[in-house]
2 protein chains.
Amino acid sequence: MANIKEIAKLAGVSIATVSRVLNQHPYVREDKRAAVLEAVEKLNYSQNMNAVHLVKGKTSMIAVVLPYVNHPYFGGITDGIANASLACNYKLILCQTDYRAEEEQKVLDMLRMKQVDGIVFCSKTMTWDEIEPYTVYGPIIACENAGDRAVSSVFIDHYGSFKLGMDYLIAKGHRKIGYFIGRGDSYINMNRKLAYMDALQAIGEEPYAEWQFERIFDFERGIEVVRRLLAMKNRPTAILGSGDHPAAAIVAEARKHGIRVPEDLAVIGSDNHPIAEVLGITTIELSMYDVGKNAFEILFERMNDKSLPSTRKELTYRLIERSTV
Amino acid sequence: MANIKEIAKLAGVSIATVSRVLNQHPYVREDKRAAVLEAVEKLNYSQNMNAVHLVKGKTSMIAVVLPYVNHPYFGGITDGIANASLACNYKLILCQTDYRAEEEQKVLDMLRMKQVDGIVFCSKTMTWDEIEPYTVYGPIIACENAGDRAVSSVFIDHYGSFKLGMDYLIAKGHRKIGYFIGRGDSYINMNRKLAYMDALQAIGEEPYAEWQFERIFDFERGIEVVRRLLAMKNRPTAILGSGDHPAAAIVAEARKHGIRVPEDLAVIGSDNHPIAEVLGITTIELSMYDVGKNAFEILFERMNDKSLPSTRKELTYRLIERSTV
DNA sequence: ATAAAATATGAAAAGCTTTTCAGGTCAAGA
DNA sequence: TCTTGACCTGAAAAGCTTTTCATATTTTAT
């Protein structure tokens, strides 16, 4: 395949001139420009991006780190990032980690080895202390509150959102309340648990271990929740959780087994995914699309101006009342 | 940042030896290897991947072209690709095109410019005639039947799957049948329409334009279908479509408005997404995850052995009877 | 003891581009 | 006429690594 040198030879100019034409620099005489363009055409030339990246020291790519691609929560973030990056001509490298630290490490190494210009962590297993040092190689942003560090954050106050849900349930007269979340040890879910505990404490209720469901990511797990609920003698009257998909499954499966929603069991989901609207599920709206969009924008600024300090941005949430409470 | 030259100097060897150590070539004396490793440590060296890519002429990355990332159909394919690629240490570049030919062209150019080693098209706007010439730069695979070309394919017979659904409905006594699909002009949906027409013709029914819904991608559009259905004097008794999400929305929204499912309206979706199981929706299982997985595997073989000819692989589908017919 | 094979190493080329720097030309203004 | 600034161009350096080739040293086999 032809390279810039052959173009230069055929067009009778130097490689510098060829480069100027290719990159539309000013100060190239019209006849030379035409000759270069003709040679490009004739030899069917195309740039070797790897050489460009090498010399420029950047690739216009960012890594998006997430445990699972095919999941509405992460899909929403990714969608936001993808749309924002499209406008800036940045490409996304999808790094599905399955929550394995080893895969996360590989992504950090990609930043160090200049394969990507920045990283957005949608969720992670490694600690921020382990991740933070890599910010010297390029900006890193978290889709959760990473605190006051060199890593930037865009986040939603999940403590607050869960607290809102709890208070709403309590206001409706519920005292026997359960929850369902994804990975129990993620930062976000730690906060949700905390909010749950605090809300219960405020009304003088003891938390009841059986009503606390973890690793509830999807429909199937939602069904499982109902199965376990059915086997209980002492059931909660309300359940609050992360994700509208498991919430939808819980509502559907519960009704299938004669548990009336909301009379016997009130359900609140999170996200305000279209499924919640369709099925009339009360939910806490968390705009993950906006989280992704903002994450890219903040990252983008910092890739262009390395001197910019890390920043934090908090996005809002709201309760959407429908018919499952 | 340190480069291989500085390592060589500090370790007192040539850059060739450093490269050998870094790439675990044999034939390096133990003491020199240790010296190099020590220098690497001391200078906090890391490879510049862009230089590696340049000299190797490959990047271990593939482009995944899809119109929307946050969509269960494409999410499933992407998931399959991501998992298969993880095992081979390939990275995915996500190219969200929004069905714009201009964005698809950019991806083809990335292949040409050696930024990616191969491409998988989940769906596309450009014609295969436009895409095919780019196979000289690297393997390209389609997640639909691209026919006999230099582009490989992994696909499901969507004509057959739709025909199966139609025949099932007809066998249940339906004659007034509608359909809902996504983009009407995609190859896949052309075939679905064809199957629909053929099935109707077989029972001597005329297709009825009002019952043919296009651009039905998600929940919202599913709700819209019901709205339009409600406004009709002459309604279909059954509807068959692509996607379980719109199907779920149709079922839920129809029931909300007093249309009994399946008595007044039978519904069949496609994909066998968990939502279909949860809501008991009859559907045609299409394993998009497997499509993605196979796509990557076929691509992988061809990236390693450029002489391999393009190939085609057909995957199966099956009807899953639940309670909406 | 000697030939042959295995091991070890560095110089240099190859992979390809952008950018700086120095040196031009030419026209307009003083 | 001379100066200044705008316009134009090419050589060479910088960005960094892998790999080939030639050569040198050891080890093994005969």
Side-chain angles (χ1 to χ4, degrees), chain A residues 1-37 39-40 43-61 109-117 137-138 306, chain B residues 1-37 39-40 43-61 109-117 137-138 306:
Chain A
M1 241 145 283
N3 60 22
I4 208 175
K5 225 162 152 180
E6 296 177 49
I7 301 295
K9 198 155 116 195
L10 185 63
V13 298
S14 72
I15 58 166
T17 299
V18 176
S19 177
R20 283 189 192 101
V21 173
L22 260 30
N23 296 286
Q24 24 252 345
H25 276 290
Y27 300 160
V28 179
R29 228 169 51 206
E30 206 39 59
D31 57 330
K32 301 219 176 193
R33 179 190 306 281
V36 168
L37 259 21
V40 165
L43 298 183
N44 188 29
Y45 168 79
S46 56
Q47 270 182 314
N48 184 323
M49 267 307 168
N50 297 128
V52 175
H53 292 162
L54 171 60
V55 71
K56 291 232 166 132
K58 56 168 280 177
T59 59
S60 295
M61 297 205 206
D109 288 333
M110 283 172 71
L111 180 63
R112 191 171 132 139
M113 299 196 281
K114 292 172 177 291
Q115 224 179 324
V116 294
D117 299 345
Y137 302 111
K306 308 269 178 161
Chain B
M1 241 144 280
N3 60 22
I4 209 175
K5 222 162 153 180
E6 294 177 51
I7 302 296
K9 198 155 116 195
L10 185 62
V13 298
S14 73
I15 57 166
T17 299
V18 177
S19 177
R20 283 191 192 100
V21 173
L22 260 29
N23 297 285
Q24 24 253 345
H25 276 290
Y27 300 161
V28 179
R29 227 169 52 206
E30 208 36 61
D31 58 332
K32 301 221 175 192
R33 179 190 306 282
V36 168
L37 259 21
V40 164
L43 298 183
N44 188 29
Y45 168 79
S46 56
Q47 271 181 313
N48 184 322
M49 268 306 169
N50 296 129
V52 176
H53 292 163
L54 172 60
V55 72
K56 292 233 164 131
K58 55 167 282 177
T59 58
S60 295
M61 297 205 204
D109 288 334
M110 283 171 71
L111 180 63
R112 189 170 133 140
M113 298 196 284
K114 293 169 176 294
Q115 225 180 323
V116 294
D117 298 345
Y137 303 111
K306 306 270 179 161

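Numbered from 1 within each chain, the chains take letters A, B, ... in sequence-line order.
In terms of heavy atoms, B:Leu111 sits closest to B:Gly138 at CD2-O, 3.7 Å. Of all the heavy atoms in A:Ile4 and A:Tyr45, the pair that sits closest is N-CE1, 3.7 Å. Heavy atoms only, all atoms of each residue included: A:Lys5 and A:Ile15 are closest at CA-CG2, 3.8 Å. What you find for A:Ser46 and B:Arg112 is that their closest heavy atoms are CB-NE, 3.2 Å.
Nucleic acid contact for A:Val13: sugar-phosphate only, since backbone atoms but no base atoms lie under 4.0 Å from a heavy atom of the residue. Among the atoms of the strands shown, base atoms are found under 4.0 Å from some heavy atom of A:Ile15. In this structure, A:Lys5 reaches neither bases nor backbone, as no heavy-atom distance under 4.0 Å exists between it and the strands shown. Across all strands, B:Ser19 comes closer than 4.0 Å to base atoms (heavy-atom distances). If you check every strand for non-hydrogen atoms under 4.0 Å, B:Asn50 touches nothing.
Boundaries of the chain B contact region on DNA chain C are C:dT7 to C:dC16, first to last in 5' to 3' order (nucleotide atom under 4.0 Å from a heavy atom).
In terms of phosphate contacts, A:Lys32 brings no side-chain nitrogen or oxygen within less than 4.0 Å of OP1 or OP2 of D:dC8. Within the 4.0 Å cut-off from OP1 or OP2 of D:dG10, at least one side-chain nitrogen or oxygen of A:Thr17 is found. In this structure, A:Tyr27 reaches the D:dC7 phosphate: one of its side-chain N or O atoms is under 4.0 Å from OP1 or OP2.
Atom pair A:Ile4:CD1 and D:dG10:C1' shows a separation of 13 Å (rounding to whole Å applied).
The closest side-chain heavy-atom distance from B:Asn3 to B:Ile7 is not below 4.5 Å. The side-chain heavy atoms of B:Gln115 and B:Thr59, taken from C-beta on, include no pair separated by under 4.5 Å.
Two residues, B:Glu30 and B:Ala51, neighbour DNA chain C, and the one matched to the more 5' nucleotide by heavy-atom proximity is B:Glu30. Between B:Arg20 and B:Val52, the residue anchored closer to the 5' end of DNA chain D is B:Val52, taking for each the nucleotide with the nearest heavy atom.
B:Lys9 has no carboxylate O lying under 4.0 Å from a charged side-chain N of B:Glu6, or vice versa, which leaves the two without a salt bridge.
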